[in-house]
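First the proteins, then the strands, lettered A, B, ... as listed; each starts at 1.
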Protein chains: 2
Amino acid sequence: MPPFSKTPLNIVRRVAERGEYDRKAIYEIVDDALLCHVGFVADAQPFVISSFHSRSRHTILLHGAKASRLLKHVKEGHPVCITCTHLNGLVMARSVFHHSMNYRSAVLFGHGHAIEDEDEKMHAFQVLTDHIMPGRWKEARHPNAKEMNATTLVRVSIDSASAKTRSGPVGDDEEDYMLPVWAGVLPVERRFLDPQEDARLASGVDVPEYIRSYHRGKRNEVGA
Amino acid sequence: MPPFSKTPLNIVRRVAERGEYDRKAIYEIVDDALLCHVGFVADAQPFVISSFHSRSRHTILLHGAKASRLLKHVKEGHPVCITCTHLNGLVMARSVFHHSMNYRSAVLFGHGHAIEDEDEKMHAFQVLTDHIMPGRWKEARHPNAKEMNATTLVRVSIDSASAKTRSGPVGDDEEDYMLPVWAGVLPVERRFLDPQEDARLASGVDVPEYIRSYHRGKRNEVGA
């Protein structure tokens with residue numbers, strides 16, 4: 001897969017060495033995320049809405065209710081920006097100025113269109129479900145005609161994208177290292193707790209292995 | 001504090017009963033968040049960039065390097081949308097259609113202006129620092145003239161806002177409760193690990209209590 005071209009749209013200007021244009025690196029950030037923030041413009045007003053998403057090759061699938069303002073707008077083909085961010089650590093420098101965070105963030109630019117074909121729509125439901133919880137599609141009841149009709153599914157092309165990441169230790173000014181101020185990284189992790197079963201669970205149904213052992217993406221790495 | 005007025009800008013259309021206009025509830029979501037996603041428009045193109053933030057009364061403070069595209073745009077007074085989202089759980093229903101997430105999300109609309117006054121700028125630095133890590137400002141080296149000059153600080157008015165939340169158990173269709181499908185909530189939590197001290201720490205400097213005992217906002221509540 002060729003990297004994304006650097007253009008005025010996607011170029012990382014600030015701390016350019018933290019910029020990343022490689023598709024694999026960008027897609028990993030997107031795939032590890034459980035939700036994204038979708039930006040769109042209506043009457044010159046920006047809106048940013050959080051949403052589930054799933055990547056399918058070089059596109060992003062979004063879904064929601066037919067009445068959703070976000071999806072109505074996205075499916076009309078207006079430009080969209082989709083951002084996924086992972087916070088990995090608070091970086092506490094000796095100086096206020098050099099405080100930072102360790103993170104991975106991907107910013108995608110594209111245009112959407114509605115998925116109308118019934119088979120493609122069902123497939124998109126499957127991809128979205130298995131993005132959140134691989135194995136779930138095989139088990140849960142599939143959408144019926146009424147549910148399919150009530151749901152808008154949208155595919156957004158990834159026309160351009162870039163990622164920005166920071167990892168590693170504090171970077172202080174040389175003359176500050178002697179200061180008697182604690183410095184270091186406070187790592188942040190997303191953790192899944194024990195599943196809470198529904199009060200009305202049918203008898204004899206155990207927590208499936210794919211839920212019990214659920215995890216997602218990279219674990220925090222020490223100092224990363 | 002009066003609630004935000006419901007207008008076409010901020011009204012929650014989909015599942016309207018999940019909408020929230022109370023300032024206290026909205027501000028709590030903002031204050032609990034370590035980062036936000038800022039949306040702005042340039043040449044009809046939406047951009048969504050993640051950023052540290054801090055709330056100061058009815059405004060949001062943002063900061064960054066002078067060359068930052070985001071801040072250049074925000075300080076010019078164009079409309080801005082700032083969104084904070086907390087993911088609290090994956091809601092796994094018996095049907096694919098009723099899968100959902102438990103979350104708290106606040107969407108803010110406003111306009112920015114640059115903070116130019118030196119005292120106000122220093123105060124904004126303090127508020128931002130203590131938002132991320134209360135107690136840090138007292139200890140870390142404060143910004144010098146060069147650092148102040150290299151940093152843009154922006155104040156965004158919160159002209160309008162709303163929040164949307166979901167909590168609680170699965171909601172399945174009545175006829176699906178008998179299905180032999182596991183259903184329930186997989187809680188998600190943000191957790192801080194043990195602080196990693198910098199390799200060049202001055203001797204005799206211990207981890208401060210405000211870092212050792214760091215936590216933020218609400219813990220996950222069972223079923224919430």
Which residues share a ring pair (Phe, Tyr, Trp, His ring centres under 6.0 Å) with B:Phe192, sequence neighbours left out:
B:Tyr214
State which residues pass ring pair (Phe, Tyr, Trp, His ring centres under 6.0 Å) with A:Phe97; sequence neighbours excluded, sorted by chain then number.
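A:Phe97: no ring pair (Phe, Tyr, Trp, His ring centres under 6.0 Å) contacts found.
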May I ask you to name which of [options] has the most heavy-atom pairs under 4.5 Å with chain B?
options                              : result
A:Val170, A:Asp194, A:Ile211         : A:Ile211
A:Met148, A:His78, A:Met92           : A:Met92
A:Ala140, A:Cys81, A:Ala93, A:Pro46  : A:Pro46
A:Gly204, A:Ser68, A:Pro195, A:Gly39 : A:Pro195
A:Met101, A:Met133, A:Lys164         : A:Met101

Relative to A:Tyr177, does B:Arg200 satisfy both conditions: NZ or CZ under 6.0 angstrom from the six-membered ring centre, and within 45 degrees of the ring's axis?
yes
Considering only heavy atoms, which portion of [X] lies under 4.5 Å from any heavy atom of chain B: side chain, backbone, both, or neither?
X        : answer
A:Leu35  : side chain
A:Arg69  : side chain
A:Ala42  : neither
A:Leu34  : side chain
A:Leu179 : both
A:Phe47  : both
A:Phe109 : side chain
A:Ser203 : neither
A:Asp172 : neither
A:Asp43  : neither
A:Leu70  : neither
A:Ala199 : neither

Which residues pass the side chain to side chain donor-acceptor pair (under 3.5 Å) test with B:His73, sequence neighbours left out?
none
Within the distance-only criterion (no hydrogens, no angle test), does the side chain of [X] pair as donor or acceptor with the backbone N or O of [Y] below 3.5 angstrom?
X        : Y        : value
B:Lys121 : B:Thr151 : yes
A:Ser50  : A:Cys36  : no
A:Ser157 : A:Gly110 : no
B:Asn102 : B:Gly168 : yes
B:Asn10  : B:Ala161 : yes
B:Lys66  : B:Asn149 : yes

Contacting moiety of [X], where chain A heavy atoms sit under 4.5 Å:
X        : answer
B:His37  : both
B:Leu108 : neither
B:Ile11  : backbone
B:Leu90  : side chain
B:Val107 : side chain

Check the side chains of [Y] and [X] for a donor-acceptor pair under 3.5 angstrom, ignoring hydrogens and angles.
X        : Y        : result
A:Tyr210 : A:Arg136 : yes
B:Asp32  : B:His86  : no
A:Thr152 : A:His63  : no

Looking only at heavy atoms, what is the nearest atom pair of [X] and [Y], with distance?
X        : Y        : value
B:Val30  : B:Ala106 : CG2-CB, 4.1 Å
A:Pro143 : A:Met122 : O-CE, 3.6 Å
A:Ser162 : A:Ile26  : CA-CD1, 3.7 Å

Which residue out of [options] racks up the most heavy-atom pairs below 4.5 Å with chain A?
options                             : result
B:Ser105, B:Pro208, B:Gly64         : B:Pro208
B:Val38, B:Asn144, B:Thr85, B:Ile49 : B:Thr85
B:Ala44, B:Ala65, B:Pro180, B:Ser95 : B:Ser95

Can you list the residues of residues 123-132 of chain B that sit under 4.5 Å from chain A, counting heavy atoms only?
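Within residues 123-132 of chain B, the residues that come under 4.5 Å of chain A (heavy atoms only) are B:Phe125, B:Thr129, B:Ile132.
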Determine, for B:Glu147 against B:Arg141, whether the closest basic-nitrogen to carboxylate-oxygen distance falls under 4.0 angstrom.
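Yes, B:Glu147 and B:Arg141 are salt-bridged.
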Candidate pair A:Asp198 and B:Arg94, rule salt bridge (charged side-chain N to carboxylate O under 4.0 Å, His left out), full reasoning
CA-CA 10 Å; A:Asp198 192 54; B:Arg94 292 153 183 89; 2.9 Å; yes
